[in-house]
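In the text below, chain A, chain B and the rest are named by the order of the sequence lines, each starting its count at 1.
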Protein chains: 2
Amino acid sequence: MISQLNSAAPEALTAFVRLANAHAAMQRAFNQELQAAGGITVTDFEVLRRLAEAEGGGMRRIDLAHAVGITASGMTRLLDGLECSGLVMKADCTEDHRVTYAVITDTGRRVLGSAARTHLTSLRALFAERFTEDELAQLVGLLGRLPGAEEASACSSILQQSVAGVTPATS
Amino acid sequence: MISQLNSAAPEALTAFVRLANAHAAMQRAFNQELQAAGGITVTDFEVLRRLAEAEGGGMRRIDLAHAVGITASGMTRLLDGLECSGLVMKADCTEDHRVTYAVITDTGRRVLGSAARTHLTSLRALFAERFTEDELAQLVGLLGRLPGAEEASACSSILQQSVAGVTPATS
DNA sequence: GTAGTGTTGTTGCGTCCTCAAGTATACCGA
DNA sequence: TCGGTATACTTGAGGACGCAACAACACTAC
């Protein structure tokens, strides 16, 4: 009776389970590594990385949330932590008073840089051990079709228009 | 300076980020769906599914934890909840008094069955919309090489030896 | 038997994140 | 100009999960 479970969605279930388990395992491993390297989490790293890559080192908090796959409220708390540690700061938007920018600080760039050295090395090693370049490209392509996998590309163009109106905050 | 980030691990980072974002999006969507369908989470579903597939409907808690990618302590609390709801029960192992089995109940099978109808349908649809069968098989193959993605296969053979010594618990 | 070591499971405590609700601002049609 | 609606962000409450520490049991070697 339950064997009907598998006939209903055989490969799709396997794909989802493997994706979830791989995610959990990698997340745990990288979190420990990053915690040791710079006292940050994987999500912190992603946030800092995206800010560092953005023009002016700043992004709207909501775009940042979409980009890293957490909710707006999660982003508020995450940035509270990073701001407390001096890795990011706030910047008001003169054009739309609803929005606040998150801007990476010099300290933030330093921490990101040092975390990146170890993190990216082991990330690269993990994939290089298991995939050829072609296979990795295939994997990236396939993953890109899943819901929520993209998000990132649309934000930077929006940012380019409005980042001019950013005022570095004093607080 | 930060552009070195990408040259250090270009595709690997993209793969990891896409995997994480896809996981977050799917997890959220399926959790809401399952919550509505049977008041359970994605992890609950996986636990029930694995128990239902196991011989005798039971597995060692530790194997279950490995299989679904959470820690032993996470599994203790998860099973506390499922036991409270009457979906699983405990069973002692007469051969090794350290281990406790988790066994799915009839109620558990009913809840699993009804949750599976909606969940597997949308899971199947999600993948069918985006991938051909070949592509899905490719994806499953590639994901299977990632750390933590497997785990499942080794446990059932162990189970077959010791499940004979299971005593349904009264509590 | 008995000490040393490994494994299973539980518990205390903390973290990260979500949902729901609330506030402040922007935009739009009458 | 004035509601009505949408968006950005914050806050309160709670859930899911990890780590570290611990107790109970098993296995090994002496």
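At whole-Å resolution of the value, CD1 in B/Ile62 and C1' in C/dT8 are 6 Å apart. The nearest whole Å value for the distance from the NZ atom in B/Lys90 to the P atom in C/dG9 is 10 Å. Here the C1' atom of nucleotide C/dG9 and the OH atom of B/Tyr101 are 14 Å apart, to the nearest Å. Computed from coordinates, the B/Leu79 CG to C/dG9 P distance equals 10 Å when rounded to whole Å. Note: CG (B/Leu82) to P (D/dA16) measures 10 Å, nearest angstrom. Atom CG in A/Asp92 sits about 16 Å away from atom P in D/dA8, given to the nearest Å. Note: CG (A/Asp63) to P (D/dT7) measures 13 Å, nearest angstrom. Spacing between atom CE of B/Met59 and atom P of C/dT8 amounts to 13 Å, rounded to whole angstrom units.
A centroid separation of 6.0 Å or more is found between the aromatic rings of A/Phe30 and A/Phe45.
Nearest heavy atoms, A/Ala102 versus A/Leu51: O-CD2, 3.3 Å. Here the shortest heavy-atom pairing between A/Leu123 and B/Leu13 reads CD2-CA, 3.8 Å. Summarising the geometry of A/Glu33 relative to A/His119, their closest heavy-atom pair is OE1-CA, 3.3 Å, with the distance given to 0.1 Å. Of all heavy-atom pairs spanning B/Arg124 and A/Pro10, the tightest one is NH1-CD, 3.6 Å.
Formation of a donor-acceptor pair under 3.5 Å by the A/Asp92 side chain with backbone atoms of A/His97 is not found in this model. With A/Arg18 contributing its side chain and B/Val140 its backbone, the two residues share a donor-acceptor pair below 3.5 Å. Under a 3.5 Å cut-off, the side chain of B/Thr105 and the backbone N or O of B/Leu87 do form a donor-acceptor pair.
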Q.
Counting primed atoms plus P, OP1 and OP2 as sugar-phosphate and everything else as base, spell out the protein contacts along nucleotides 11-21 of chain C at 4.0 Å heavy-atom distance: B, S or - for each nucleotide, 5' to 3'.
A. BBB--SSBB--

Q) Using a cut-off of 4.0 Å between protein heavy atoms and nucleotide atoms, how would you tag nucleotides 22-29 of chain C 5' to 3' with B, S and -? A) ---BS---

Atom pairs under 3.5 Å: protein N/O with N/O of nucleotides 2-5 of chain D:
none

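Considering only heavy atoms from C-beta on, A/Met75 comes within 4.5 Å of A/Val68 through its side chain. Between A/Gln35 and A/Ile40, every side-chain heavy-atom pair lies at or beyond the 4.5 Å cut-off.
Between B/Arg49 and B/Glu46 a salt bridge is recorded (basic side-chain N to carboxylate O distance below 4.0 Å).
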